[in-house]
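Structure first, then comments.
Here is how names work: the chains are called A, B, and so on, in the same order as the sequence lines, proteins then strands, and each is numbered from 1. Keep in mind that this is a model prediction, so the values were computed, not measured.
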Amino acid sequence: MNKTNEKGMSLIVKTITRLTVGIMLLYGIYIISHGHLTPGGGFAGGVIIALSFVNLMLAYGKEVTLKKLPKGVASFFEGMGAILFLGIALLGFTGGYFFFNFIAKGEPFRLFSAGIIPLFNIAISLKVGAGLFAIFISLVLLKIEAEKK
Amino acid sequence: MMQIYLLLGAMIVVAILAVELKDLLSSIVALGAVGLLLCIAFITLKAPDVAITQLVVEILCLIILIRATLKRDLPFSTTGRWFLNTLIAVIFISVFLLVAAKCLKDLPQFGYPIMRVAGTYLKEGMTKTGAANIVSSIELDYRAYDTLGEATVLFATVIGILAIVRKSGVKKEGEEDSEENE
């Protein structure tokens with residue numbers, strides 16, 4: 001069971017995963033980009049994006065997934081999300097104070113509204129998605145190492 | 001209110017199952033049932049934001065648990081000071097319940113809190129921040145410092161896990177893992 005897992009699961013699982021991974025990724029992006037309009041937001045959307053990559057990893061094994069999203073890229077995105085969040089918050093000093101909403105708020109219920117809130121959602125989603133995926137990779141690699149011993 | 005109590009009862013039963021089951025996979029599945037019931041409870045209480053987050057995080061945690069802990073023998077000894085352990089647990093639970101019963105009496109009634117701060121948010125939230133989702137406007141505008149702290153906690157967690165894993169991984173695998181772990 002475990003050795004077949006590392007090289008990937010059966011053909012049925014692989015086919016279904018290939019068809020659904022893109023939809024999961026799109027759903028995560030939808031949740032993030034509409035976070036200021038509908039339920040959801042940066043955290044939930046980021047976890048959904050991480051789950052799509054985790055799904056890929058469970059079905060195809062670690063080599064294929066790490067080729068699509070290497071560990072270095074994941075940690076880069078994680079740091080990028082944190083810097084983006086802090087940077088936007090610091091830019092608020094142009095209008096007065098930390099976390100000042102300095103972009104025009106626009107009309108409610110439109111996609112481009114609410115000033116900096118959608119940008120914060122994007123930053124948090126980058127951070128959460130990349131961070132949780134990095135945690136998953138590390139734990140799986142640790143387990144594989146432990147089994148080799 | 002009735003369905004909330006039903007859900008709570010079912011959650012308690014499944015949680016006891018999760019503790020008592022001998023098989024690790026069955027125990028993790030029972031734990032997943034607790035999370036799912038909690039998600040339904042959040043939906044019943046009209047909190048879809050929390051429900052989505054609960055469901056998604058539950059799934060991820062279960063996958064990590066199954067992938068990372070299954071087939072590893074966890075040492076858990078029930079022999080030895082059985083009587084003393086049970087006594088301490090019972091004393092702790094009874095003290096906790098007594099204190100909780102005393103504290104919970106002073107809380108405002110369920111669903112009717114004192115809306116001094118929240119009332120202002122509800123009234124002015126949409127016009128001041130421009131976000132239609134009131135939860136989003138509170139957690140990213142009014143209470144953005146909370147979100148910053150939460151992001152910091154997650155960052156520290158990821159760094160800690162990567163550091164711990166790297167220590168055991170580097171010596172065996174050699175060069176390629178050590179550079180990627182940075």
Does the B:Asp49 side chain pair with the main chain of A:Gly40, one donor and one acceptor, at a distance under 3.5 Å? yes

Is it the backbone or the side chain of A:Ile48 that comes under 4.5 Å from a heavy atom of chain B, or both, or neither? both

Same hydrophobic cluster for [X] and [Y], using side-chain heavy-atom links shorter than 4.5 Å among ILVMFWY?
| X | Y | result |
| --- | --- | --- |
| A:Tyr30 | A:Val47 | yes |
| B:Leu122 | B:Val135 | yes |
| A:Leu119 | A:Met80 | yes |
| B:Leu6 | B:Ile43 | no |
| B:Leu21 | B:Leu62 | no |

Under 3.5 Å, side-chain donor or acceptor atoms of residues 144-165 of chain B against the rest of the protein: list the pairs with distances, not counting sequence neighbours.
unit_1: B:Thr147; atom_1: OG1; unit_2: B:Glu139; atom_2: O; d: 2.5
unit_1: B:Thr152; atom_1: OG1; unit_2: B:Leu148; atom_2: O; d: 2.6
unit_1: B:Thr157; atom_1: OG1; unit_2: B:Val153; atom_2: O; d: 2.6

Residues of residues 18-29 of chain A within contact distance of chain B, non-hydrogen under 4.5 Å: none

If you measure from [atom1] on [X] to [atom2] on [Y], what distance do you get to the nearest 0.5 Å?
| X | Y | atom1 | atom2 | answer |
| --- | --- | --- | --- | --- |
| A:Phe120 | B:Asp141 | CZ | CG | 8.0 Å |
| A:Ile117 | B:Ser137 | CD1 | OG | 5.5 Å |
| B:Asn133 | A:Leu37 | CG | CG | 8.0 Å |

Measuring only between side-chain heavy atoms, which start at C-beta, is B:Ser136 closer than 4.5 Å to A:Asn121? yes

Quick one: are A:Ile116 and B:Leu140 in side-chain contact, heavy atoms under 4.5 Å? no

Over 12 non-hydrogen atoms of neighbours within 6.0 angstrom of CD1 in A:Ile12: no

Just checking A:Phe77: does its CZ atom have more than 12 heavy atoms from other residues, nucleotides or ligands closer to it than 6.0 angstrom? no

Using a 4.5 angstrom heavy-atom cutoff, name the option from A:Thr38, A:Ile137, A:Val73 with the most pairs to chain B. A:Thr38

Run the side-chain contact (heavy atoms from CB on, under 4.5 Å) check on A:Phe43 and B:Val56 step by step: do they pass? CA-CA 10 Å; A:Phe43 194 88; B:Val56 161; over 6 Å; no

